[in-house]
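Working notes for the structure below.
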Amino acid sequence: MAMYYYASKLNEASCSGCSVKVPASDPAPPATDLAPLPADPSLLHGSGLSYYDNDDYYSMVRGNKFMSETTCKHIVMNGGLSFVSTQKVESPQLGGGGGGGEKVEVEFREGQLVSGSPDALVEMLRPGAAPSFTFTLLLCSRLFLKPHELLAKLCKRYFNSYDKHGKGDSKESLEKELADMVSLVRVLKQWTGMFPYDFRDDRVMALVRSITQRCAAEHMASVRAEVSSMLERLLDRLTALEQYEETLVQVPQVCSVEQLPQGDILTLGLTPVELASQLTAVELHRLSFVGPEEFVQAFAPACTSSGSSAISLRHADAKTTRNLEAYADWFNRLSYLVATDIIKPVKSKQRARVLEQWVTTARECFNLGNFNSLMAIISALNMAPVARLKKTWSRTSAVCGQQLRQLELCVEPSGNHARYRAALAAAPSATAVPLLSVTCRDLHFANQAAPTRLPGGRVNFEKCSVLARHVSAQLATRHLTEPHPSAAPHPAPGPHPAPPHLPAWRFLADRPALSETALELVSFEREPPVDHLEKERLKRLKGAAP
């Protein structure tokens, strides 16, 4: 159903001579082979601002609490934000189209673009611009322009003179019009490759339709094949996204062990190395569908009646996907699934075996650089229903406890997550999965630390560069800013994502988990309360149970 919807939308946009083919049921195409912006670990060392650590990691993204608020630790980071070492932007030749004689208002500092008026930045958006500049501007332009407004400005730049004076019939005029169309199509090709989800917007597609209609002219024959190829690739990407979104079914939590299916993680018969590889493959699969623009849409300041700014995911006018929220939900689901798997067995010896399996899997996730799954497992092991099982923990080996303490040190937040950042920098690039929570925090602080618009209406491009760097680092395996697939780097040495193991993927995606209240009740069934506080807690839980 999805592919036919997008085929109809894109066929409306296609012009005479352009053929958009609807794939039968081809697998989702890989992400655009583009190279990431260089990460700068010296950025964002805190600003005296506070954030909720660990137990509330994803409240900024989802608006819900990962665990009880009473267990949250409020951390204040020291240091200061420093917008240094911004990316270098090649300043393309300005002029041509309709704005050649206008004054360009951009500011460079030590060869780096730091600010500019919106019109001047749009004027620099040309095929010859540096890929890092194109990515940064397309990503952050939505802070001050909606995607359809940006595309309208591009169309106006190239078509304004022709609309005013009518189509010229001289050879020079036709060649100039063709050259302008080629430039526009190549910018559009970069846009559809980096941010295909923008083209879910009917207003954007209406402008694409007007572009392709101009390609129907006889002297535009040479550009029609490029337009057709671009629309085919866009159709593939949007169809793959729709198919993925259809799989995002919320698995309801259950209230008792009797509602859980038989078996646990041990029944899959996978070693910790194999299980960690499958977790990493799931993480990379889910992360591949998160659009870079979703981060900026989520962390852009939302205007409120009081004039303050706040994080909001409800950008109804611009947001067409919820893959970032779904990825945050996956973290929560994995944590509750691990806790359920540990608490489910009746015998303490079996619980200890399952617990050791998950600890060893967490260690293998660390070896692969999969810090998101690692943090989800550690969060599950630190949940009160699991942490209080002293008899179960006593049956685990000393090595298991030592490994867990070492892993906890790797992701603890002191020094602005210094240990985690160092470990991520050394992790295998093909399997590295950064902590989404840390990226969310960095983006939040970068957004709050500096205004998007400077005096005179100029755009703070330094801030845009920092935002783009953090988004690029989170999606590093996607290679976001390399201009051509042929220029992609050779595969990095080291481990690579494992092929899907269907029983493991079904276990992780479809198996229900216990709710927070059910986890506590089952925990007290497995090991009775040992002190007055636990007895009071159990009494309150039973009183609140339906």
- Side chains of Gln357 and Asp264: do they bring a donor and an acceptor to under 3.5 Å?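 On atom types as modelled, these side chains do not qualify, holding no pair under 3.5 Å.
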- Any chance the side chains of Glu412 and Tyr420 put a donor and an acceptor closer than 3.5 Å?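 Tyr420 and Glu412 do not have a side-chain donor-acceptor pair below 3.5 Å.
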Residues that [X] engages under side-chain contact (heavy atoms from CB on, under 4.5 Å), provided they are two or more places apart:
| X | answer |
| --- | --- |
| Ala518 | Leu514, Ser515 |
| Cys365 | Ala276, Leu279, Thr361, Asn370, Ser373, Leu374 |
| Pro261 | Arg511, Pro512 |
| Arg353 | Leu266, Gln350 |

- For Arg286 and Asp329, run salt bridge (charged side-chain N to carboxylate O under 4.0 Å, His left out): C-alpha distance rounded to whole Å, both residues' side-chain angles, the deciding distance at 0.1 Å, then the answer. CA-CA 11 Å; Arg286 288 176 173 267; Asp329 286 340; over 6 Å; no
- In Å and rounded to the nearest 0.5 Å, what is the CZ to CD distance from Arg419 to Glu408?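 It comes to 12.0 Å.
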- Salt-bridge present (Glu293, Arg200; N to O < 4.0 Å):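 Answer for the salt bridge query: no.
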- Message: Could you check whether Arg142 makes a cation-pi contact with Phe195, meaning its NZ or CZ is under 6.0 Å from the centre of the six-membered ring and within 45° of the ring axis?
- Response: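 Yes, Arg142 lies over the aromatic ring of Phe195.
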Work out which heavy atom in [X] is nearest to a heavy atom in [Y]; give both atom names and the distance.
| X | Y | result |
| --- | --- | --- |
| Leu284 | Ala432 | CD2-O, 4.1 Å |
| Tyr244 | His285 | CD1-NE2, 3.9 Å |
| Ser379 | Phe331 | OG-CZ, 3.9 Å |
| Arg395 | Ala352 | CB-CB, 3.7 Å |

- Quick one: list whatever passes salt bridge (charged side-chain N to carboxylate O under 4.0 Å, His left out) with Glu527, sequence neighbours left out.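 With neighbours one apart ignored, the set is Arg351.
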Can you give each donor-acceptor pair under 3.5 Å made by side-chain atoms of residues 248-257, sequence neighbours left out, with the distance rounded to 0.1 Å?
{"residue": "Ser256", "atom": "OG", "partner": "Glu258", "partner atom": "OE1", "Å": "3.4"}
{"residue": "Ser256", "atom": "OG", "partner": "Gln259", "partner atom": "OE1", "Å": "3.2"}

By the ring-ring contact (aromatic ring centres under 6.0 Å, His included) test, which pairs, at least two apart or in different chains, include something from [range]?
| range | result |
| --- | --- |
| residues 246-272 | none |
| residues 382-407 | none |
| residues 339-368 | Phe366-Phe371 |

- Task: If a pair satisfies side chain to side chain donor-acceptor pair (under 3.5 Å) and one of its residues is in residues 397-407, list it, with sequence neighbours excluded.
- Result: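 Passing the test, one end in residues 397-407: Glu356-Ser397.
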- Counting N and O atoms only, with roles assigned by atom type, does the side chain of Thr396 sit under 3.5 Å from a partner on the main chain of Thr392, one being a donor and the other an acceptor?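 Absent.
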- Task: Without swapping roles, check the side chain of Asp341 against the backbone of Ile265 for a donor-acceptor pair under 3.5 Å.
- Result: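 Yes, Asp341 side chain to Ile265 backbone: donor-acceptor pair under 3.5 Å.
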Which donor-acceptor pairs under 3.5 Å do side chains of residues 498-510 form with protein atoms, sequence neighbours excluded?
{"residue": "His501", "atom": "ND1", "partner": "Ala504", "partner atom": "N", "Å": "3.2"}
{"residue": "Trp505", "atom": "NE1", "partner": "Gln278", "partner atom": "OE1", "Å": "2.8"}

- Arg526: what forms a side chain to side chain donor-acceptor pair (under 3.5 Å) with it, not counting sequence neighbours?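 If we apply the side chain to side chain donor-acceptor pair (under 3.5 Å) test to Arg526, skipping adjacent residues, there are no hits.
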